[in-house]
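Each chain gets a letter, A, B and so on, in the order its sequence line appears, and its residues count up from 1.
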Amino acid sequence: MKEKFSRIYRKLFEFYGKQYWWPGEGLEIVVGAVLVQQTNWKNVEKALEKLRVVNCLSIDCLKNISVKELEQLIRSTGYYNIKAKRLQNLMRLLAIKPHPSRNELLEVNGVGPETADSILLYRFNEPVFVVDAYTFRIFRRLGIYEGESYADLQRLFMGNLQNKSQMFNEYHALIVRHAKNICLKTKPKCIECPLKDDCKY
DNA sequence: GTCCCGCTAC
DNA sequence: GTAGCTGGAC
């Protein structure tokens with residue numbers, strides 16, 4: 001099984017190359033992790049740019065800005081009324097605990113396992129693997145994991161990979177890239193798939 | 001299972 | 001016109 005996880009990573013990396021993921025830094029990564037929920041990254045970039053223009057990409061500003069104002073700034077990401085509250089919930093935690101634990105992140109209303117792990121890996125460089133809907137789709141089609149448990153699938157990755165945060169970072173990014181380019185939700189492009197020899201789909 | 005709801009590629 | 005998008009709460 002360890003060989004399998006490494007082989008798939010190797011093939012994806014050879015096919016797509018390095019992804020240069022989450023090029024932003026610091027708070028942008030945290031804000032992006034919330035804003036990107038159930039939307040695409042382009043919409044998030046628009047919102048981040050707006051926040052940057054009004055000089056509100058700081059814990060202090062995001063925490064104190066009015067909800068209505070924040071909603072308008074992040075409108076492009078969809079679900080803006082919910083996300084404005086979620087962002088402020090998270091900023092209130094970060095104001096008290098600049099480097100929160102996973103459990104502390106999960107206690108925030110609006111932060112689930114994927115968002116918490118994204119923050120830990122991409123903001124704080126902690127060796128946790130980020131599982132998402134794409135991971136379930138691809139590894140189900142590969143015949144590796146049929147279940148629906150976030151924790152179980154995450155354990156599979158973390159138990160079968162030797163390298164830590166740097167590889168987890170790149171592996172997750174490659175999975176996203178692959179799901180968007182080849183392993184599509186409907187009509188996947190199996191003919192040109194770099195993983196077709198490993199896939200039962 | 002349902003609701004939250006903007007954007008764009010197709 | 002609408003499927004799909006780097007989820008989470010209820």
What does [X] touch in the nucleic acid at a heavy-atom separation under 4.0 angstrom: a base, only the sugar-phosphate, or nothing?
| X | value |
| --- | --- |
| A/S118 | nothing |
| A/E114 | sugar-phosphate |
| A/V44 | nothing |
| A/T39 | base |

Under 3.5 Å, sequence neighbours excluded: what are the donor-acceptor pairs made by side chains of residues 108-115 of chain A?
unit_1, atom_1, unit_2, atom_2, d
A/T115, OG1, A/Q37, NE2, 3.0

Given the [atom1] atoms of [N] and [M], what is the spacing between them in whole Å?
| N | M | atom1 | value |
| --- | --- | --- | --- |
| C/dG1 | B/dC4 | P | 22 Å |
| C/dT6 | B/dC10 | P | 13 Å |
| C/dG8 | B/dC7 | P | 22 Å |

* Asked: Reckon A/Y80 has a side-chain N or O less than 4.0 Å from the OP1 or OP2 of B/dG6?
  -> yes
Short N/O separations, protein against nucleotides 8-10 of chain B, under 3.5 angstrom:
unit_1, atom_1, unit_2, atom_2, d
B/dT8, OP1, A/K46, NZ, 2.2

* To do: Evaluate the ring planes of A/H172 and A/Y122, with Trp represented by its six-membered ring, and classify them as parallel (under 30°), tilted (30 to 60°) or perpendicular (over 60°).
  => tilted
* Give the ring-plane orientation class for A/F136 versus A/Y145, where under 30° counts as parallel, over 60° as perpendicular and anything between as tilted. => tilted
* Asked: Nearest heavy-atom pair of A/S76 and A/K46: which atoms, and what distance?
  -> OG-CB, 3.6 Å
* Minimal non-hydrogen separation, A/V131 against A/L153, with atom names -> CG1-CD2, 3.8 Å
Can you check the [X] [atom1] to [N] [atom2] distance for me, whole Å?
| X | N | atom1 | atom2 | value |
| --- | --- | --- | --- | --- |
| A/Y79 | B/dC5 | OH | C1' | 5 Å |
| A/Q38 | B/dC3 | CD | C1' | 11 Å |
| A/Q72 | B/dG6 | CD | C1' | 12 Å |
| A/Q37 | B/dC7 | CD | P | 18 Å |

* **Sequence-distant partners of A/C56, disulfide (SG to SG under 2.5 Å), two or more places apart** => A/C61
* Report yes or no: do A/D117 and A/Y150 form a side-chain donor-acceptor pair below 3.5 Å? => yes
* To do: Would you check if there is a donor-acceptor pair between the side chains of A/N89 and A/R92 at a distance under 3.5 Å?
  => yes
* **Lys/Arg N to Asp/Glu carboxylate O, A/R10 vs A/E3, below 4.0 Å** => yes
* Distance under 6.0 Å and angle within 45° of ring axis: A/K164 vs A/F168 -> no
* Asked: Which residue pairs pass the disulfide (SG to SG under 2.5 Å) test with at least one member in residues 112-187 of chain A, sequence neighbours excluded?
  -> none
* Asked: With nearest nucleotides of DNA chain C determined for A/L106 and A/K185 from heavy-atom distances, which residue corresponds to the more 5′ nucleotide?
  -> A/K185
* Kindly state which residues belonging to residues 131-160 of chain A come within less than 4.0 angstrom of DNA chain C, counting heavy atoms of the residue only, listed by number. => A/Y134, A/R137
* First and last nucleotide of DNA chain C in contact with chain A, 5' to 3', at under 4.0 Å to a heavy atom: what are they? -> C/dG4 to C/dC10
* Without swapping roles, check the side chain of A/Q88 against the backbone of A/I65 for a donor-acceptor pair under 3.5 Å. => yes
